[in-house]
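Have a look at the structure below, then the notes.
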Amino acid sequence: MTAVELPSDAESAVATPEFEAAAIRQESRRGFLLALPSYSYLVLFFAVPLVIVVVYSFATRNRFGGTDLSGWNLASYARLSEPIVRDILFRSLWLALLTTLICLVIAYPFAYYLATRTPVVRNLMLVFVMIPFWTNFLVRNYAWRVILGNDGPFTDVTEAVGLGERELLFSKTAVVLGLVYSFLPFMILPLYAAIERIDKRLLEASRDLYASGWQSFRKVLLPLSMPGVIAGSILVFVPSLGAYVTPDILGGSKTTLLGSYIVTQFLTARNWPFGAALSFVLMAVMLTTTVVYFRKGGRTL
Amino acid sequence: MSRPTSSAVEPRGWTKGLLRANGWLVYAFFYAPILLLVIFSFSDSRNVGVWGGFTLDWYEEFVDSRQTQAALWNSVKIAVVSTAISVVLGTMSALALERFKFRGKQVFDALLYLPIIIPDVTMAVMMLLFFAEFFEVLNAVFGTELRKGFSSIALSHIAFSISFVSVVVRARLAGMSGHLEEAARDLYASRWKAFRFVTFPQILPGILGGALLAMTISLDDVVITQFVTGPGWTTLPVYVFGLIRRGVTPLINAVSVVMLMASMTLVALSLLVERVRNVGTNQRRGF
Amino acid sequence: MTAAVEITGITKRFGDVVAVDNIDLTIADGEFFALLGPSGCGKTTTLRMIAGLEFPTQGSLKIFGDEVGTLPPNKRPVNTVFQNYALFPHLNALDNVAFGLKMQGVKKSTAYSRALETIDLVQLSGMDTRKPSELSGGQQQRVALARALVNQPKVLLLDEPLGALDLKLRQEMQGELKNLQQNLGVSFVFVTHDQEEALTMSDRMAVMNEGKLLQVGTPEEIYEHPANRFVADFIGQTNLLEGRVVDAETVCLSNGARVTGFSDHPVGTEVAVSVRPERVRLGPRGESRPSETEVDGTAVDGATVDAATVDGAAVDGATVDAATVDGARVDGEVESITYLGNARVYRVRFDWMVIEVREENRPGATLHEPGTPVSVSWDPSAVSVVAD
């Protein structure tokens with residue numbers, strides 16, 4: 001730092017490049033000081049934990065369920081190829097993908113419908129999408145447990161329709177249902193934002209240029225709303241992949257997913273290194289998808 | 001942009017019918033489960049999904065249960081403390097990112113983004129391992145007897161709440177013309193006074209919105225809390241989650257409805273704040 | 001008398017971009033001064049440096065003799081009317097206006113009574129409790145004005161203050177601003193990209209482009225004697241006829257024709273002859289109008305040097321399609337007409353050049369249909385020879 005003193009507010013001098021540089025530095029220092037508390041907080045309570053997870057994933061589990069930090073190895077990562085683990089990984093990927101697709105199919109027409117309403121109706125509709133978004137996650141999943149449970153409303157309906165007593169609870173279907181229910185707002189909101197931003201005259205122009213309704217959707221609306229599709233998909237896919245509460249409440253032992261499996265490693269199996277490795281895999285998937293999104297020009301999630 | 005009347009934009013015929021039906025179905029899908037849950041919480045039956053006549057017994061049990069009461073208060077204490085701290089930190093970060101240039105800004109921005117997009121489970125694992133090591137080190141060095149509990153939960157909640165607050169406040173700051181602060185400075189306000197009398201009143205709705213979001217998330221969190229909680233510091237969601245895993249009882253219905261009401265209250269408050277916020281931005285639209 | 005603002009050798013760089021490039025500028029006390037230029041020319045940066053919202057990279061900036069270059073905005077005796085006004089949305093009109101006084105520590109009651117007086121001054125009586133969002137664009141503009149004026153600034157800075165208003169209101173406000181300035185006797189420094197606004201309102205103006213100060217002068221000086229090609233082109237409409245200096249009073253156009261044009265550019269300099277459309281007269285070819293006699297006089301002088309041009313062809317050469325030019329006259333053909341209501345603009349083509357001619361729409365004005373061979377002429381003293 002050069003020796004130029006910033007003059008106090010009362011005195012003044014002829015401007016010089018040194019003064020300007022000092023003023024810019026001071027301004028940047030102000031910004032840095034404002035950020036500093038959160039910056040250090042996040043480094044200590046977020047970045048350091050992140051590093052610890054990585055370190056643990058290379059450690060060894062000792063006989064007493066504790067962890068040996070000496071003697072790094074790749075044993076935990078090697079276990080990823082075990083059939084059981086592979087099954088869980090693929091099942092998680094598949095269910096997360098399925099959830100994302102279902103959400104997309106439901107949310108796209110909904111978001112389009114929303115975007116074409118008058119502003120008053122639209123805002124009202126948006127509020128009623130936001131409410132479940134804000135509502136307690138655990139409670140919303142529990143509600144499905146009640147509905148799908150023994151003699152619950154769902155069986156009442158299937159019996160009334162004549163399908164007999166159908167058991168949905170503790171199945172993959174129930175898990176996907178719960179995931180869709182939990183994360184649908186995450187798909188609707190970015191889609192709506194993307195579609196709303198599109199100049200509707202472009203659709204008119206495409207119709208004027210002889211496109212059919214389907215063609216103007218396929219060639220104009222869909223490509224232009226792609227950022228919303230991708231943002232929404234990431235916002236649904238990532239938490240679905242790491243879901244723990246939903247499969248725990250609505251799924252059974254045959255539907256163990258990555259999230260629940262990780263938790264088991266820590267709370268029951270006490271294999272922390274393996275759990276850390278699994279968490280790291282989950283995080284890697286998350287980071288890759290978001291980085292790809294931002295690289296492709298996405299601005300915000 | 002908002003001309004919904006054109007034939008190319010406004011859905012027609014069977015498309016319109018399908019879209020409308022889809023809309024109603026989505027809302028039914030969103031609200032039917034919640035509604036059923038509320039109804040069954042008043043049901044006089046030991047089976048959670050069967051209607052057995054009206055009763056308030058389950059709510060009475062909730063009020064009488066010392067465990068639920070304790071869990072409720074734990075949740076509230078943690079939510080209040082973590083919200084208060086994260087609001088201050090989050091607002092400061094938002095100001096730094098939106099109004100200043102400084103070295104390391106990109107890294108800080110990315111670091112702020114991560115807690116929002118990282119899956120709950122991963123964050124929970126991070127916190128579990130961190131506090132295991134952190135408290136061990138502190139206890140060894142300073143001879144303290146820190147254990148997981150209030151501090152570890154609150155510290156974890158702050159770690160993700162800062163990000164949410166900062167996103168909301170930043171959005172508000174981005175919508176506020178920087179000329180307002182310059183105008184204040186031009187009108188003889190010092191930096192502090194410009195913040196105090198112009199910036200702060202302008203971003204206050206954002207700060208409140210961010211606080212409500214932070215509080216909601218703190219009150220809702222079960223995964224991370226479950227990993228960093230200690231003896232005596234079971235929060236309401238963790239308690240309820242434990243109950244559900246052991247087997248559902250109508251008591252859970254009642255507790256759930258109480259949690260639902262808490263969420264709804266916070267939503268209502270945030271909508272109110274949103275309205276205030278919109279009034280504040282009318283001026284910019286009015287040009 | 002000390003100048004209100006005295007800028008000496010001011011430069012402002014943003015990284016590698018030079019926003020303002022070593023300018024000198026003096027603004028007198030009580031002057032209505034316009035800073036004019038296209039967007040990105042550095043005019044707003046200059047204004048912001050006077051306000052203190054930007055520190056110069058280098059140079060001296062004095063306000064009434066006091067160096068202020070490194071003072072923060074709240075320590076400078078100037079106030080600004082911002083583009084789009086920057087009214088505080090959470091405060092009503094009165095609190096907006098009283099803001100500066102309160103920040104200076106003026107007693108609340110005094111601050112409010114002075115604020116109310118100023119609100120009256122800008123003719124907003126009764127609007128003091130309204131929020132900015134409840135005021136029309138014009139009213140917001142007045143509040144912004146009052147908010148600055150209440151502090152009795154030594155210089156008032158205005159950044160495109162009328163830009164957000166529609167045409168009618170803008171013209172009305174132009175008059176009011178001018179009146180207000182004359183009554184208060186305070187210097188106004190006014191940034192605009194609208195040359196007409198600058199011409200009509202300012203006592204003196206400066207034209208800027210790409211960070212450089214191109215010309216400073218009264219509107220008349222600048223319109224009549226633009227210092228260079230950019231100024232000639234930017235201020236008002238003009239015909240720029242490309243050519244090269246032959247001698248102190250002759251320019252050889254790029255088609256070989258010679259016209260009279262006084263300049264002190266060295267022989268051979270590439271220049272353009274700037275002729276305002278309204279200074280050009282249009283007549284049927286071969287017809288000599290009485291008003292042209294004097295023109296012809298100079299024309300002959302200019303043309304005698306040049307053998308390539310047939311002297312007097314302008315008068316008789318109706319059959320020749322090639323350009324025939326004497327000192328201040330060319331023959332061509334009407335290409336198109338634009339009807340403006342109060343005037344018509346003819347595009348007259350000769351060779352590959354086009355001259356626009358503006359004729360007032362007076363009763364009895366002859367209409368020259370497209371395709372008509374015509375002859376255009378002008379007073380040689382009405383042209384400027386401009387270089388880059």
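First the proteins, then the strands, lettered A, B, ... as listed; each starts at 1.
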Open item on the list: Tell me if a side-chain donor or acceptor on A:Ser279 pairs with a main-chain N or O of B:Val125 at a distance below 3.5 Å.
Closed with: no
Open item on the list: Taking CZ in A:Phe280 as the centre, count heavy atoms belonging to other residues, nucleotides or ligands within less than 6.0 Å. Is the count above 12?
Closed with: no
Task: Whether A:Phe45 and B:Phe130 hold their rings parallel, tilted or perpendicular, with breakpoints at 30° and 60° - done: perpendicular
TODO: Give a yes or no answer on whether the side chain of A:Asn136 reaches the backbone of B:Ser263 with a donor-acceptor pair at less than 3.5 Å.
DONE: no
Task: Which atoms of A:Pro153 approach chain B - backbone, side chain, both or neither, heavy atom under 4.5 Å - done: both
TODO: Examine distances only and state if a side-chain atom of A:Tyr39 and a backbone atom of B:Gly104 form a donor-acceptor pair shorter than 3.5 Å.
DONE: yes
Open item on the list: So for A:Ile24, is it side chain, backbone, both, or neither that comes closer than 4.5 Å to the heavy atoms of chain B?
Closed with: neither
TODO: Would you mind telling me which of B:Ala96, B:Pro237, B:Ala94, B:Gly90 has the largest number of heavy-atom pairs within less than 4.5 Å of chain A?
DONE: B:Ala96
Task: Donor-acceptor under 3.5 Å (A:Tyr41 side chain, B:Leu155 main chain) - done: yes
- [ ] Flag the pair A:Phe110 / B:Phe29 as yes when their ring centroid distance falls below 6.0 Å, and as no otherwise.
- [x] no
Open item on the list: Can a donor-acceptor pair be found, under 3.5 Å and without considering hydrogens, that links the side chain of A:Tyr181 to the backbone of B:Phe30?
Closed with: yes
Task: Structural part of A:Leu287 lying under 4.5 Å from a heavy atom of chain B - done: side chain
Open item on the list: If you compare all heavy atoms of A:Met286 against all heavy atoms of B:Pro119, which two are closest, and at what distance to 0.1 Å?
Closed with: CG-CD, 3.9 Å
Task: Choice from B:Leu266, B:Asn253, B:Val50 maximising heavy atom contacts with chain A below 4.5 Å - done: B:Asn253
Task: Region of A:Val55 that comes under 4.5 Å of a non-hydrogen atom in chain B - done: neither
Open item on the list: Holding to side-chain hydrogen bond (donor to acceptor under 3.5 Å, both in side chains), I want the full list of residues that pass it with B:Glu133, two or more places apart in sequence or in another chain.
Closed with: A:Tyr56
- [ ] Measure distances from B:Phe40 to the heavy atoms of chain A and classify the residue's part below 4.5 Å as side chain, backbone, both or neither.
- [x] side chain
Task: Residues of residues 254-262 of chain B with any heavy atom under 4.5 Å of a heavy atom in chain A - done: B:Ser256, B:Met259, B:Leu260
- [ ] Answer with side chain, backbone, both or neither: which region of A:Leu177 has an atom nearer than 4.5 Å to a non-hydrogen atom of chain B?
- [x] both
Open item on the list: Does any backbone or side-chain atom of B:Phe131 lie under 4.5 Å from a heavy atom of chain A? Answer side chain, backbone, both or neither.
Closed with: side chain
Open item on the list: Whether the side chain of B:Thr216 engages the backbone of A:Trp134 through a donor-acceptor N/O pair (distance < 3.5 Å, no angle test) should be reported.
Closed with: no
